[in-house]
Visitor: 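Shown below is the structure under consideration.
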Amino acid sequence: MCGRVIQLSNPDAIRKLFEAAGTAPNAPPRYNGAPAQDLMVVRKHPKTGDRVLDMLRWGLIPYWVEDPKGGRKPILARSESAPTSPTFRGALEKRRGILPVDGFFEWKGEKGAKNRQPYAVMMKDRSPFGIAVIWENWKDPSTEAWLRTFAVLTCPSNALMATIHDRMPVILEPGDYDRWLGADPDVEALMVPYASEKMMLYPVSTAVNSYLNDTPEVMEPLAAA
DNA sequence: CCAGACGTTGTT
DNA sequence: GTCTGG
DNA sequence: CCAGACGTTGTT
DNA sequence: GTCTGG
């Protein structure tokens with residue numbers, strides 16, 4: 001679930017919307033952002049404390065991993081178990097972030113089944129919104145280069161999302177951004193299903209299945225049969 | 001998330 | 001790094 | 001104690 | 001069927 005996202009950039013507009021300091025990164029519009037790709041993430045700079053907008057890679061690599069090749073790079077983290085998970089706990093305590101999106105895709109049907117139907121999930125008013133993430137800083141032993149990665153937090157579906165899937169990403173209210181990005185040790189109350197009545201979903205073409213198809217057409221409603 | 005691969009030898 | 005299993 | 005895993009989804 | 005890569 002929530003394995004593809006819509007991030008229609010204009011990085012500077014997103015930077016202002018999420019009140020991030022500094023300069024915006026270069027980021028093309030993403031109609032079909034997929035795991036293993038670099039996407040815009042809002043986070044708090046550990047040293048300056050500034051809220052910043054950076055490019056992070058989707059798929060969390062814990063900092064203690066030696067060789068991420070073959071290693072698991074989870075793209076999702078259950079909010080119920082993350083607080084006690086060895087892999088996620090540290091990041092949840094100290095490295096929380098926000099993935100600014102315009103929507104995301106969800107596939108309905110049994111996993112592994114053929115003919116799964118993809119749906120676009122957005123806000124009714126089409127406004128951008130924030131998904132809660134955790135991130136890590138990993139140093140490549142061979143190149144000494146640092147790589148920032150992230151995973152999306154999930155929670156049980158609300159009534160609307162439950163029609164296609166039983167899990168959904170943790171969506172934050174703008175009023176909760178400060179608390180989420182801060183050092184609040186008790187943020188579990190924020191990791192809850194978002195209000196159904198503000199959201200909408202519609203079926204889209206299976207053209208979205210290929211992450212290589214990063215074009216506006218993947219967002220178009222499925223033509224009536 | 002889906003698409004595509006799914007092996008061996010030995011070498012840098 | 002931290003937890004579980006043997 | 002050390003060795004090995006450390007994730008999510010959903011299914012039989 | 002299961003894992004890896006984007």
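We name chains A, B, ... by the order of the sequence lines, and we start the count at 1 in each one.
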Visitor: Calculate the interatomic distance between A/Asn32 atom CG and B/dA3 atom C1'; express it in whole Å.
Guide: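 Rounding to the nearest Å, CG of A/Asn32 and C1' of B/dA3 are 13 Å apart.
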
Visitor: Take atom CH2 of A/Trp64 and atom P of C/dC3, then tell me their distance rounded to the nearest Å.
Guide: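 About 12 Å, once rounded to whole Å.
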
Visitor: Treating A/Asp50 as the side-chain partner and A/Val52 as the backbone partner, does any N or O pair qualify as donor plus acceptor under 3.5 Å?
Guide: no

Visitor: A/Leu60 CG to D/dT8 C1': how many Å, rounded?
Guide: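 Taking CG of A/Leu60 and C1' of D/dT8, I get 13 Å after rounding.
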
Visitor: Describe the nucleic acid contact of A/Thr84 in one word from base, sugar-phosphate, nothing, applying a heavy-atom distance below 4.0 Å.
Guide: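 Nothing, no heavy atom under 4.0 Å.
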
Visitor: For the side chain of A/Arg4, starting at C-beta, report the closest nucleotide among C/dG1, D/dG10, B/dC2.
Guide: B/dC2

Visitor: Please determine, for the side chain of A/His165, which listed nucleotide (E/dG6, D/dG10, D/dG7) has the closest atom?
Guide: D/dG10

Visitor: Checking all strands, does A/Ile75 fall into the base, sugar-phosphate, or nothing category for heavy-atom contacts under 4.0 angstrom?
Guide: base

Visitor: What is the separation between atom OH on A/Tyr31 and atom P on B/dC2, rounded to the nearest whole Å?
Guide: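 Taking OH of A/Tyr31 and P of B/dC2, I get 22 Å after rounding.
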
Visitor: For B/dC2, take OP1 and OP2 only and decide whether either is under 4.0 Å from a side-chain N or O of A/Trp107.
Guide: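 Result: yes.
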
Visitor: If I take atom CG in residue A/Asn213 and atom P in nucleotide B/dG4, what distance separates them, rounded to the nearest angstrom?
Guide: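 For the pair A/Asn213 CG and B/dG4 P, the rounded distance is 13 Å.
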
Visitor: Do A/Glu80 and A/Arg167 meet the salt-bridge criterion of a basic N to acidic O distance under 4.0 Å?
Guide: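 Yes.
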
Visitor: Is the closest side-chain heavy-atom distance between A/Lys139 and A/Glu144 below 4.5 Å?
Guide: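 Of all side-chain heavy-atom pairs linking A/Glu144 with A/Lys139, at least one is under 4.5 Å.
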
Visitor: Round to a whole Å and report the spacing from CD1 of A/Ile61 to P of E/dG5.
Guide: 11 Å

Visitor: Tell me whether the side-chain N/O atoms of A/Arg89 come closer than 4.0 Å to OP1 or OP2 in D/dC6.
Guide: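 For D/dC6, neither OP1 nor OP2 has a side-chain N or O of A/Arg89 closer than 4.0 Å.
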
Visitor: Quick check on DNA chain E: between A/Gln37 and A/Arg72, whose nearest nucleotide comes earlier from the 5' end?
Guide: A/Arg72

Visitor: Using a cut-off of 6.0 Å, state whether more than 12 heavy atoms not belonging to A/Asn26 lie near its atom CG.
Guide: no

Visitor: Just to be sure I understand the rule, does A/Phe105 reach a base, reach only the sugar-phosphate, or reach nothing, if contact means heavy atoms closer than 4.0 Å?
Guide: nothing

